Amino acid sequence: MSDPATPPRSLAEALRARDDASLAVLLRSRPDLITPVPTDLTQLATRAGTRASVVRALERLDRFALQTAEALAVAADPATYDELLGLMTGDEGDQAVAGALPHALGALRDQALVWGSDDRLRLVRTARELLAPSPQHPSPTGLGPTVQEATAGMSPGRIQEIVTTAGLASTHDAVSAVSSLTALFADRRRMTALLADAPEESREVLSRLVWGPPYGQVTADPAPRLRWLLDRGLLLPTAPGTVVLPREVALHLRAGRAHRTTEPLPPPVEATATHHPQVVDTTAAGQAYTALATVEELLKDWDEGGPSVLRAGGLSVRDLKRTAVALDVSEPMAAFWVELAYAAGLLASDGEADEQYAATPAYDEWLEQPAAQRWVRLAEAWLTATRTAGVVGGRDAKDRTLSALGPGLDRSAAPEVRHRVLTLLAGLPVGASPSAESVLARLRWERPLRGPQQDDDLRSRLARWTLNEAELLGVTGRGALSAQGRALLGAAPAAEAAGKPGAAPSDAGPSATGPSATSPTGPSGATPADAPAGPGDKLPVHHEHPRPSTPPEPLSPAEQAVASAAAARLLTPLLPEPLDHVLLQADLTAVAPGPLQRPLAEMLGVLADVESKGGATVYRFTPGSVRRALDAGRSASDLHAFLAEHSRTPVPQPLAYLIDDVARKHGHLRVGAASAYVRCDDDALLNEILADKRAAGLRLRRLAPTVLATQADPAALLDGLRAMGFAPAAESAEGDVLITRADAHRTPPRTAPEPVPDGPPTPDATLLAAAIRAIRAGDLASTTPRKPSGATAEVTGGELPRTTSAETLATMQAAVLTGEALWIGYVNAEGAASQRVIAPVRVEGGFVTAYDHTADEVRTYPLHRITGVAELADDQI
């Protein structure tokens, strides 16, 4: 085992010196390291240094922690803390940077990207390769190679010429000459004197290269201003026609700073307007009700079977446009509602031969739930969904159009971005709405982009979509987080948050019960009137703690259930109560002054057509709509009674006449299958049909004075006669009138689409404890010194011990008597080999029962699967 007083010589030794709590922090922040669980700490260190894992860890650093890692990549290896501090603060110093640097360095140590003591800081080799400057991959700092790196291929004679021209004494070899030149460039006083003699044009050249990129082009015959710099090594050639500004020179010109702008603190999320909390909540509740109505209208439109599924999956552009028209929304918004219903498990493909989309059985169950519970289900599905409606209409990697409900819409970062955006809103004063740009700036600080990703800022687009979708869904109202939205996150209720300015719940856990920051304008944390602040008003700004903490993780399923129940309780009193009446008007319309009870709304939807929506819904009665109700099996007397029961105004005479007129004609003609026939007791009416030129396409012929037949199918005949102004009714084979009530089409039971995770899930406490125990035990088995056993010398280098069967049995039996622990090699039934430390308890029947230190439990092993055994050195267990 390593001595705690001895500096670690490798990352594995540094990990071995950590306690369990520190290892838990590492594995929680980088869950890919325990998928699967490493056998020991050496394997954990190896995995922590792989390129894929390091890239993932770097992408999850905030801007200041990443700047710290970038500074270490251009520092000496190893570097001291003072050297790192100098690179971060420069010669003038910066108190904010100096105060935040220990926290950033601690975060890098926690994630095993940096190891070593403060006097020997080492950046993990893979991270240094990724962040250090090179001609192919310039450093984010804008710094170039060191003098030693830039002169690696230069002739010794040329190096001596540069040293002499720079005013230094010539040396006997190139190595000492490079060291002398490096010392000159790193000496502030001597460099100032050297540059004081430089021509103004030469200093201008340096100023253009100092903040990067450090490379420039020169001709075969450089201008005098460039020749002066080249002769003194202030510019060094790297390739024909290319020169570079050495790192030491750039740092002198930058006054020691590795970065032009260092950002130790996150930018604040600024509020642009403040509304009364009650206005925010009621506005959000109205949006929530609209969301429920929109999803219901969508699935009602698809009740008898929705659009067909494309061969490649998803909706066609034409079907999406048709859906947008039916919902009276834009196409991107229609894609959002369709995807939301799909994410909530309310619609899916039916799996038939002619596959089409339809509501699922879960939709019928959802309709029976209270409105607040239905909203919670939609909001939960939205929060956790990785399918992103915002990319619909874009192109995938193969330049194919991305369609709604189709493949390729998953963006694994979407749930994390949604949660983070809403958490930032929860940290604002109650009723305050933020500026979108300040939210985006904060997210960019927390997850800065590197390299080519800067051209496609997916997180910023996800954040913008989140702000828009949260408003559509009623999680926010007027841009501010509502009480039900706050409860859905598990944040402190507005009542607890009010009156306590200065708190920052965005830095606390999502289920924290501490107060939220509020505005000092009143006890509710908002301006008394519901109006945006005027030009002269000072808007609240959300200030953070001096040292930013890790953003909170989403709630566990049990915590989310509690939070969702709280959100439903808050939303319930804000939703309008369904009405049991309408107002009939003389112009054949009915006005619903609010949401209607479901049976009333369903019946009215059959009897009348929706003319307009809004605060009040207007229905219009037409001959076609009344006939639709009669086709559904209602009689004229049923319709009169229904309207009289549910109208707060008398039934207008024109509406009563309309119902009676349509009912008198309804069913006077009968259509059946002959292929199809028409029968009527009034042969004059049949003569009228035959004489009508519009009936020519139906090819009717008289079979009897009261019967006409055609080769058209009954449905086409019904439609044709109705288009001519008649009101026929379909009849069955027995001659009874068919009730043409629409049959709801449902898919087989379907589960909602599973979110695509953004890497391995964060392990819980139980998994972490088990993983750390297994890693510790495996490390003990692989590092504990062993005694020679029989003719076999001590085994080293991680090889399994090898002993004969007789030696293995004898050693096991002796260990049972003495209680000593042994080191064994074991091959399981699948052929996987491992090494273990065990304390034998009993040996009999070809098996050994022992306490396994690696698994931390008593196990039984077949002796024939044990490759060998060795005693441990004294005082190791």
Side-chain angles (χ1 to χ4, degrees), residues 301-309 311 316 318-319 321-323 325-326 350 352-358 588 605-609 620-636 638-639 657-745:
D301 186 54
W302 292 6
D303 201 45
E304 299 177 48
S308 299
V309 181
R311 183 177 301 176
S316 66
R318 182 178 58 184
D319 287 329
K321 288 181 178 179
R322 186 181 298 118
T323 301
V325 171
D350 59 9
E352 301 293 337
D354 296 326
E355 196 172 14
Q356 60 182 166
Y357 291 105
L588 296 181
V606 175
L607 181 57
D609 298 324
R620 178 164 294 280
F621 299 95
T622 65
S625 68
V626 173
R627 186 184 67 242
R628 188 168 62 230
L630 295 173
D631 287 344
R634 300 281 182 166
S635 65
D638 293 337
L639 300 182
Y657 285 166
L658 174 65
I659 293 174
D660 292 338
D661 287 345
V662 175
R664 186 167 49 252
K665 298 177 182 178
H666 186 264
H668 195 50
L669 295 177
R670 301 292 181 90
V671 173
S675 292
Y677 63 84
V678 182
R679 70 179 181 88
C680 180
D681 295 335
D682 186 357
D683 57 346
L685 182 58
L686 295 182
N687 290 333
E688 180 184 346
I689 293 173
L690 287 173
D692 196 319
K693 294 181 180 180
R694 292 174 295 176
L698 298 177
R699 296 186 177 183
L700 292 166
R701 61 189 179 89
R702 189 184 295 273
L703 296 182
T706 59
V707 180
L708 301 178
T710 179
Q711 293 298 316
D713 62 80
L717 182 56
L718 277 170
D719 292 340
L721 292 176
R722 286 171 178 168
M724 295 166 60
F726 299 99
E731 72 176 15
S732 66
E734 292 78 19
D736 299 324
V737 175
L738 284 175
I739 296 175
T740 56
R741 183 180 297 111
D743 293 326
H745 178 63

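One is the number of the first residue; the rest follow in order along the sequence. Quick caveat: nothing in here was measured; it's all calculated off a predicted structure.
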Not counting sequence neighbours, which residues clear side chain to side chain contact (heavy atoms under 4.5 Å, CB included) with Glu688? List them please.
Leu685, Phe726
Distance (rounded to the nearest 0.5 Å) between Leu630 CG and Asp638 CG:
9.5 Å
Non-neighbouring partners of Asp301 that pass side-chain hydrogen bond (donor to acceptor under 3.5 Å, both in side chains), sequence neighbours left out
none
Side-chain donor/acceptor of Arg694 to backbone N/O of Met724, under 3.5 Å:
yes
Heavy-atom distance under 4.5 Å between the side chains of Val678 and Val707, does that happen here?
no
Does some side-chain heavy atom of His666 sit less than 4.5 Å from a side-chain heavy atom of Asp631?
yes
Partners meeting salt bridge (Lys or Arg N to Asp or Glu O under 4.0 Å) with Asp319 (sequence neighbours left out):
Arg322
Asp609 side chain reached by Ser625 side chain, heavy atoms, under 4.5 Å
yes
Just wondering, do Ser308 and Glu355 contact through their side chains at under 4.5 Å, heavy atoms?
no
If you apply the rule side chain to side chain contact (heavy atoms under 4.5 Å, CB included), what do you find for Cys680 with Leu686, and how did you get there?
CA-CA 7 Å; Cys680 180; Leu686 295 182; 3.9 Å; yes
Side-chain heavy-atom pair Leu700, Leu717 within 4.5 angstrom cut-off
yes
Is the shortest distance from a Lys or Arg side-chain nitrogen in Arg664 or Asp661 to a carboxylate oxygen in the other one below 4.0 Å?
yes
Could you tell me which non-hydrogen atom of Ala629 sits nearest to which non-hydrogen atom of Leu607, and how far apart they are?
CB-CD1, 3.8 Å
Does Gln711 CD have over 12 foreign heavy atoms under 6.0 Å away?
no
Once rounded to the nearest 0.5 Å, what's the spacing between atom OG1 of Thr710 and atom CZ of Arg699?
8.5 Å
Between Arg628 and Ala608, which heavy-atom pair has the shortest distance, and what is it?
NH2-O, 3.2 Å
I'd like to know whether CG of Asp660 has more than 12 heavy-atom contacts from other residues, nucleotides or ligands below 6.0 angstrom.
yes
Can you see whether His745 engages Asp350 through a side-chain donor-acceptor pair at a distance of less than 3.5 angstrom?
yes
Using salt bridge (Lys or Arg N to Asp or Glu O under 4.0 Å) as the criterion, list what pairs up with Arg702, not counting sequence neighbours.
none
Distance-minimising heavy-atom pair for Pro728 and Leu718:
CG-CD2, 3.8 Å
What pairs with Arg701 under side-chain hydrogen bond (donor to acceptor under 3.5 Å, both in side chains), at least two apart in sequence or on another chain?
none
Under the side chain to side chain contact (heavy atoms under 4.5 Å, CB included) criterion, do Thr622 and Leu658 qualify, and how do the steps go?
CA-CA 8 Å; Thr622 65; Leu658 174 65; 5.8 Å; no
Checking the side chain of Gln356 only, and the main-chain atoms of Pro307 only, is there a donor and an acceptor separated by less than 3.5 Å?
no
Nearest heavy-atom pair of Leu698 and Ala716: which atoms, and what distance?
CD2-O, 4.3 Å
Under the salt bridge (Lys or Arg N to Asp or Glu O under 4.0 Å) test, residues paired with Asp719 that sit two or more places apart
none
Validation row: Leu708, Leu703 side chains within 4.5 angstrom (heavy atoms)
no
Does a side-chain heavy-atom distance below 4.5 Å link Lys665 with Arg627?
no
Do Pro714 and Tyr677 come within less than 4.5 Å of each other through their side chains, counting heavy atoms only?
no
